[in-house]
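Keep in mind the model is a prediction, meaning the values are calculated, not measured. Along the sequence shown, residues are numbered consecutively beginning with 1.
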Amino acid sequence: MVLKEFRITHSTLIEHYQFIEAHLEGIYAAISDKSFSEGIKDVEKDSLSGVVREIQDAEKQKGINVFTTDDYKQLRHIIDRRNFWCHSCYFELSFDRKTGGLSKVRDEKKLLTDLQEAELWREKLYNIKVKLLENKII
């Protein structure tokens, strides 16, 4: 993978993570006891972990389960991977001096695996958000 391919793939991955965050904020807003816009305001400045905690708290308050225990485990994994790709990948990965791309095949595979996982979760969270909003008057 040359540098240009890495940057495009990395950028696409970050895009998915941003939509994941927005969908989680929307899910919180949909299950909160507030209007959608007020619910978004509650969490829009929170970290991704903070938004997930707010969803868990809202689930407990309302006695509902939007996510399973396994879903929360996977969301924590996504948060960890997002933090890696956003904050430390350029410092922790090895890059080829000639191509500028990733020098280790395992790092390239992890990038592509994380991309696939993020794509799936982006779609899953969007669908959950839409389903919840269909049942709420905004």
Peer 1: Mark yes or no for whether D71, through its side chain, and T68, through its backbone, hold a donor-acceptor pair below 3.5 Å.
Peer 2: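 Yes, the answer is positive, given that a donor and an acceptor are paired below the 3.5 Å cut-off.
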Peer 1: Which of parallel (below 30°), tilted (30 to 60°) and perpendicular (above 60°) describes Y90 and F6?
Peer 2: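 Y90 vs F6 ring planes: perpendicular.
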Peer 1: What verdict does the side-chain contact (heavy atoms from CB on, under 4.5 Å) test give for M1 and L111, after you've listed the backbone C-alpha separation in whole Å, the side-chain angles of each residue and the deciding distance to 0.1 Å?
Peer 2: CA-CA 11 Å; M1 177 179 286; L111 173 64; 3.9 Å; yes
Peer 1: Taking S88 for its side chain and F91 for its backbone only, find out whether a donor-acceptor pair lies under 3.5 Å.
Peer 2: no
Peer 1: Are more than 12 heavy atoms, taken from residues, nucleotides or ligands other than Y126, located less than 6.0 Å from that residue's OH atom?
Peer 2: no
Peer 1: With a 4.5 Å limit on heavy-atom distance, are the side chains of W121 and H23 in contact?
Peer 2: no
Peer 1: Give me the atom names and distance for the closest heavy-atom approach of A118 to I20.
Peer 2: O-CD1, 3.7 Å
Peer 1: Given the rule in the salt bridge (Lys or Arg N to Asp or Glu O under 4.0 Å) test, do E38 and K41 qualify, once you have shown the distances and angles that lead to the verdict?
Peer 2: CA-CA 5 Å; E38 288 298 315; K41 285 179 187 178; 3.6 Å; yes
Peer 1: Apply side-chain contact (heavy atoms from CB on, under 4.5 Å) to residues D46 and Y28 and explain how you reach the verdict.
Peer 2: CA-CA 12 Å; D46 286 0; Y28 169 79; over 6 Å; no
Peer 1: For the CZ atom on F19, are there more than 12 heavy atoms of other groups (residues, nucleotides or ligands in this structure) within a distance under 6.0 Å?
Peer 2: no
Peer 1: Could you list all the salt bridge (charged side-chain N to carboxylate O under 4.0 Å, His left out) pairs where at least one residue sits in residues 99-114, not counting sequence neighbours?
Peer 2: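 Applying salt bridge (charged side-chain N to carboxylate O under 4.0 Å, His left out) to every pair that reaches into residues 99-114, excluding sequence neighbours, yields R81-D114, K110-D114.
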Peer 1: Do we see a donor-acceptor contact under 3.5 Å between the side chains of Q74 and D70?
Peer 2: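 Checked: Q74/D70 side chains pair up, N/O donor to acceptor below 3.5 Å.
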Peer 1: What residue pairs, at least two apart or across chains, pass ring pair (Phe, Tyr, Trp, His ring centres under 6.0 Å) with a residue in residues 38-58?
Peer 2: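 Residue pairs with at least one partner in residues 38-58: there are none.
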Peer 1: Can you name the nearest heavy-atom pair linking I79 to S49, along with the distance?
Peer 2: CG2-OG, 3.5 Å
Peer 1: Answer yes or no: are there more than 12 heavy-atom neighbours, outside K131 itself, under 6.0 Å from its atom NZ?
Peer 2: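 Incorrect, the count does not exceed 12.
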Peer 1: Give every residue pair that meets the side-chain hydrogen bond (donor to acceptor under 3.5 Å, both in side chains) criterion with at least one member in residues 3-20, sequence neighbours excluded.
Peer 2: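 For residues 3-20: E15-R122, H16-R122.
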Peer 1: Between L48 and Y72, is there a shared hydrophobic cluster once you connect ILVMFWY residues whose side-chain heavy atoms come closer than 4.5 Å?
Peer 2: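 As far as the 4.5 Å side-chain criterion goes, Y72 and L48 are connected within one cluster.
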Peer 1: List the atom of I128, the atom of V66, and the distance in Å for their closest heavy-atom pair.
Peer 2: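 Taking every non-hydrogen atom into account, CG2-CG1, 3.7 Å.
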Peer 1: Under 3.5 Å, is there a donor-acceptor pair between the side chain of S103 and the main chain of S94?
Peer 2: yes
Peer 1: Compare all side-chain heavy atoms of E117 with those of H77 and state whether any distance is below 4.5 angstrom.
Peer 2: yes
Peer 1: For L133 and A30, work out which heavy atoms get closest and say how close.
Peer 2: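 Taking every non-hydrogen atom into account, CD2-CB, 3.6 Å.
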